[in-house]
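Counting begins at 1 with the first residue of the sequence. The basis for the numbers below is simple: all heavy atoms, side chains too, and nothing from hydrogens, waters or symmetry mates.
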Amino acid sequence: MKSPARMILAAGCAIGLLSAPTAAWSAEQPTSAAKPTSTPKPTATPKPTATPAPKAKAKPVDCTKVKCIALTFDDGPGKYADKLLDTLKKHGAKATFFLEGQYVKSRPAFAKRMVVEGHDIGNHSYTHPKFTESPVEKIREELQRTQDIVKKVTGRYPATIRPPYGLLDDDTKTVATEMKMPIVLWNGGSRDWATKNEKAIYDEVLKNAKRDGVILMHDWVTQTVTVMPKLLTELKRRGYHVVAVSSLPGAKNLKPGDVYPPGAAEDKDLTSDSPTEDQNAPVESPTDGG
């Protein structure tokens, strides 16, 4: 029988052997103890940002209650239409642009911007021929080509027609009726195409300004675009709201083939407001950029 002392010694050796790691397990351990990683501090919860309130849309002008005037621009989009649009936007004014299909094709961005910014667009033919010297088939083709290119570029069809030079006859009215579009002329001019002088344009427009008036201008005349800030400021001082033709009371219920303003078709003096001779017509190439 083993002595108690020898049994205690044997038990201690056994415990020591059991507690010693094997060589293989030791080789799999890192040679140095890894530093304990610090517990990341909780990040502060970001404060929710306030959602900006949507801008209130400007209320439509009620021209039955306030004094309105419509500035209209032919032969566009002209080379300076972007600057004109900048000015109109700054002054909170709306206009009506009677577009030529050939210039819509060469300056599509300008035409698209006119629609996006809430201006009226009308059809002013594709190549600006005199409708009174054109067969009905030519009139129809000129207007339809412009309808198609404007819709392609802007997503919207022109709603009205202004014949080149303001010249119209029964054939023009027939085609306008077929296309379900009224005809818009004017009852005051600027003669900007003739004078190309800022003071003369400014004076002529103010001389012809009247309540619910429709003024003829051109956005390819650089002096017209340059004088526009001064002109809009003065019109506002005189109590006018500058609006698109569609906002005028008399234009609300026009039927296909109707001519607006009333009596404009019979006013022989209006032809002096528009360049009716070929040598005085605007000279621009459809590919001159913009």
K.L.:
Name the atoms and distances for all side-chain donor-acceptor pairs under 3.5 Å in residues 249-259, with sequence neighbours left out.
P.N.:
residue	atom	partner	partner atom	Å
Lys252	NZ	Ser246	O	3.4
Asp258	OD2	Lys255	N	2.8

K.L.:
Are Ile161 and Tyr157 connected into the same hydrophobic cluster when the rule is that any two of I, L, V, M, F, W, Y join if their side-chain heavy atoms are below 4.5 Å apart?
P.N.:
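Looking at the clustering, Ile161 is in a separate group from Tyr157.
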K.L.:
Under the salt bridge (charged side-chain N to carboxylate O under 4.0 Å, His left out) rule, collect the residues that match up with Glu198, sequence neighbours excluded.
P.N.:
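By the salt bridge (charged side-chain N to carboxylate O under 4.0 Å, His left out) rule, Glu198 matches no residue at all.
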K.L.:
Strictly by modelled atom types, are His218 and Asp192 linked by a side-chain donor-acceptor pair under 3.5 Å?
P.N.:
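Side chains of His218 and Asp192: pair found under 3.5 Å.
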K.L.:
Would you sort out whether Tyr126 and Glu141 count as a side chain to side chain contact (heavy atoms under 4.5 Å, CB included), showing the intermediate values?
P.N.:
CA-CA 9 Å; Tyr126 200 90; Glu141 178 193 7; over 6 Å; no
K.L.:
Taking only residues two or more places apart in sequence, or in another chain, which ones meet Thr174 in a side chain to side chain contact (heavy atoms under 4.5 Å, CB included)?
P.N.:
Glu178
K.L.:
Applying salt bridge (Lys or Arg N to Asp or Glu O under 4.0 Å) as the test, list every pair that has at least one member in residues 163-173; sequence neighbours left out.
P.N.:
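Output for this query is empty, none listed.
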K.L.:
Please identify each residue that fulfils side chain to side chain contact (heavy atoms under 4.5 Å, CB included) with Ala200, with sequence neighbours left out.
P.N.:
Thr195, Asn197
K.L.:
Does Lys230 have any salt bridge (charged side-chain N to carboxylate O under 4.0 Å, His left out) partners at least two apart in sequence or in another chain, and if so, which?
P.N.:
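Lys230 satisfies salt bridge (charged side-chain N to carboxylate O under 4.0 Å, His left out) with no other residue.
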K.L.:
Using distance alone, with no hydrogens and no angle criterion, decide if Glu100 and Ser125 have a side-chain donor and acceptor under 3.5 Å apart.
P.N.:
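On atom types as modelled, these side chains do not qualify, holding no pair under 3.5 Å.
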K.L.:
Once salt bridge (charged side-chain N to carboxylate O under 4.0 Å, His left out) is applied, do any residues pair with Arg156, and if so which ones, sequence neighbours excluded?
P.N.:
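With sequence neighbours excluded, Arg156 shows a salt bridge (charged side-chain N to carboxylate O under 4.0 Å, His left out) to no residue whatsoever.
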K.L.:
Using atom types as modelled, flag every donor-acceptor pair under 3.5 Å from a side chain in residues 89-99 to any protein atom, sequence neighbours excluded.
P.N.:
residue	atom	partner	partner atom	Å
Lys94	NZ	Glu117	O	2.6
Thr96	OG1	Val245	N	2.9

K.L.:
Judged by atom type as modelled, is there a donor-acceptor pair below 3.5 Å linking the side chain of Asn123 to the main-chain atoms of Leu143?
P.N.:
yes
K.L.:
Identify, with sequence neighbours excluded, every residue that meets side chain to side chain contact (heavy atoms under 4.5 Å, CB included) alongside Ala209.
P.N.:
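For Ala209 the side chain to side chain contact (heavy atoms under 4.5 Å, CB included) partners, ignoring immediate neighbours, are Ile69, Leu235, Tyr240.
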K.L.:
Going hydrophobic residue to hydrophobic residue with side-chain gaps under 4.5 angstrom, can you get from Leu206 over to Ile201?
P.N.:
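Per the 4.5 Å side-chain linkage, Leu206 and Ile201 are co-clustered.
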K.L.:
Run the salt bridge (charged side-chain N to carboxylate O under 4.0 Å, His left out) test against Lys83 and tell me which residues pass, sequence neighbours left out.
P.N.:
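Once residues adjacent in sequence are excluded, Lys83 has no partner under the salt bridge (charged side-chain N to carboxylate O under 4.0 Å, His left out) criterion.
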K.L.:
Do Trp193 and Trp220 have side chains that get closer than 4.5 Å, going by heavy atoms?
P.N.:
yes
K.L.:
For Val116, what residues pass the side chain to side chain contact (heavy atoms under 4.5 Å, CB included) criterion, not counting sequence neighbours?
P.N.:
Lys112
K.L.:
Is Arg140 salt-bridged to Glu137, going by a charged N under 4.0 Å from an acidic O?
P.N.:
no
K.L.:
What pairs meet the disulfide (SG to SG under 2.5 Å) rule with one or both residues in residues 60-97, with sequence neighbours excluded?
P.N.:
Cys63-Cys68
